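Step one of this worksheet: look at the structure below.
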Amino acid sequence: QSESVQAFLLRTSILDRMCGPLCDAVLPAPSTSGQETLEYLERTNLFIVPLDSERRWYRYHHLFGDLLRQRLGKPKEFAEFHLRASQWHEENGDLGAAFHHAIAAGDFVRAAGLAEAAWQGMEESFQTAAWLGWVKKLPEEVIRVRPVLCTLLGWAFANAGEPEASELRLQDAERCLDGSDVANEAHKPLPATIALIRAYNAQAQGNLATTVKYAEQAIQLIPENDFYRRSQAAI
């Protein structure tokens, strides 16, 4: 293959699945568009598998992909390739793929932010366990300085029926808040949410007095127009 096709094959081998615009994002200033190259690879039977009838998404045959990744190794641009893929996936609404590429790039701060952004959608679709699996890939030193992430972990462990693990993360969140910028808008709802989670944990443990204590605390802290969280505390 030509040098440009070889470069395309090696750099896009980091992708579990690929489309033209994603390939363009990973390869800076390609000589041929990603879509054209993907169609060329399919025409020449170069171990590429279409994933839809529109020929938009593809993947490499697993053995060929393994071979390409082995040949690619970890050049100095390796993290850059993954970061470009992460940014493209985030901009196109796939926070899961964006998170995993950020982890592969070693950008744990970016990955933590993506986990925070993905929480609500995953929690509402009953994917708490999957979300916990993501966050467990982050280094402890990254987690413990992010009060939002620690609070979300408190929710996740409460949902998973692990009140002790939940409480430890809530304490981490409070330690962060003690030294944080009180004007930070993202931090303002956290004390109320922490109280609400503690009410749920106490209820799960059969401690009704503590349940009432924290539910009442949550109602005092939650703004009157925040009907959803106020209803959770009232219930």
Side-chain angles (χ1 to χ4, degrees), residues 1-139 142:
Q1 299 297 321
S2 67
E3 287 187 12
S4 62
V5 170
Q6 289 185 40
F8 180 97
L9 291 168
L10 292 170
R11 293 182 183 185
T12 58
S13 68
I14 67 166
L15 305 171
D16 291 331
R17 63 186 194 124
M18 52 200 168
C19 65
L22 173 55
C23 294
D24 291 337
V26 173
L27 282 89
S31 57
T32 307
S33 77
Q35 185 62 37
E36 289 177 303
T37 305
L38 290 170
E39 291 172 0
Y40 163 77
L41 296 177
E42 185 180 13
R43 286 197 307 272
T44 54
N45 296 316
L46 204 57
F47 306 107
I48 192 171
V49 181
L51 299 177
D52 54 44
S53 57
E54 292 80 22
R55 296 301 201 265
R56 180 166 186 259
W57 286 97
Y58 294 83
R59 68 166 175 83
Y60 290 120
H61 184 285
H62 294 308
L63 293 177
F64 187 52
D66 289 344
L67 174 66
L68 291 174
R69 285 185 289 275
Q70 184 179 3
R71 179 70 62 87
L72 174 65
K74 286 200 173 182
K76 65 181 186 297
E77 305 92 349
F78 184 78
E80 179 189 343
F81 300 157
H82 278 288
L83 283 176
R84 286 172 174 271
S86 177
Q87 289 160 358
W88 187 91
H89 280 296
E90 181 184 12
E91 290 165 4
N92 287 271
D94 189 342
L95 295 180
F99 174 88
H100 292 298
H101 280 293
I103 288 288
D107 192 337
F108 299 119
V109 172
R110 173 175 173 76
L114 290 164
E116 291 172 356
W119 160 258
Q120 185 172 351
M122 294 184 74
E123 195 267 340
E124 289 174 354
S125 57
F126 306 101
Q127 296 183 71
T128 297
W131 186 86
L132 273 172
W134 289 16
V135 179
K136 287 176 181 177
K137 296 180 180 181
L138 296 171
V142 172

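All values derive from a computational prediction rather than experimental measurement. Starting from 1, each residue takes its place in the sequence as its number.
To the nearest 0.5 angstrom, Thr37 atom OG1 is 8.0 Å from Leu27 atom CG. Note that CZ of Arg84 and CG of Asp24 are 11.0 Å apart. Values are rounded to the nearest 0.5 Å. Taking CG from Leu41 and CD1 from Ile48, the interatomic distance works out to 5.0 Å, rounded to the nearest 0.5 Å.
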Check step by step if salt bridge (Lys or Arg N to Asp or Glu O under 4.0 Å) holds for Glu77 and Arg11. CA-CA 10 Å; Glu77 305 92 349; Arg11 293 182 183 185; 5.5 Å; no
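His82 and His101 have tilted rings, their planes meeting at an angle from 30° to 60° on a 0 to 90° scale. Classified by interplanar angle (parallel below 30°, tilted 30° to 60°, perpendicular above 60°), the ring pair Phe99/Trp134 is parallel.
Under a 4.0 Å N-O distance rule, the pair Arg55/Glu39 does not qualify as a salt bridge.
Under 3.5 Å, the side chains of Thr32 and Tyr40 contain no donor-acceptor pair of N or O atoms. For the residue pair Ser33/Gln35, the side-chain donor-acceptor check at 3.5 Å is not satisfied.
Looking at heavy atoms from C-beta onward, Trp88 lies out of side-chain contact with Val26 at the 4.5 angstrom threshold. Residues Arg17 and Leu22 are not in side-chain contact: their nearest non-hydrogen atoms beyond the backbone lie 4.5 Å or more apart.
By the 6.0 Å contact criterion, CZ on Arg69 is enclosed, its count of non-hydrogen atoms from other residues, nucleotides or ligands being greater than 12.
The side chain to side chain donor-acceptor pair (under 3.5 Å) with Gln120 is formed by just one residue from the set Glu124, Glu123, Glu116; it is Glu124.
Partners of Gln70 by side chain to side chain donor-acceptor pair (under 3.5 Å), not counting sequence neighbours: none found.
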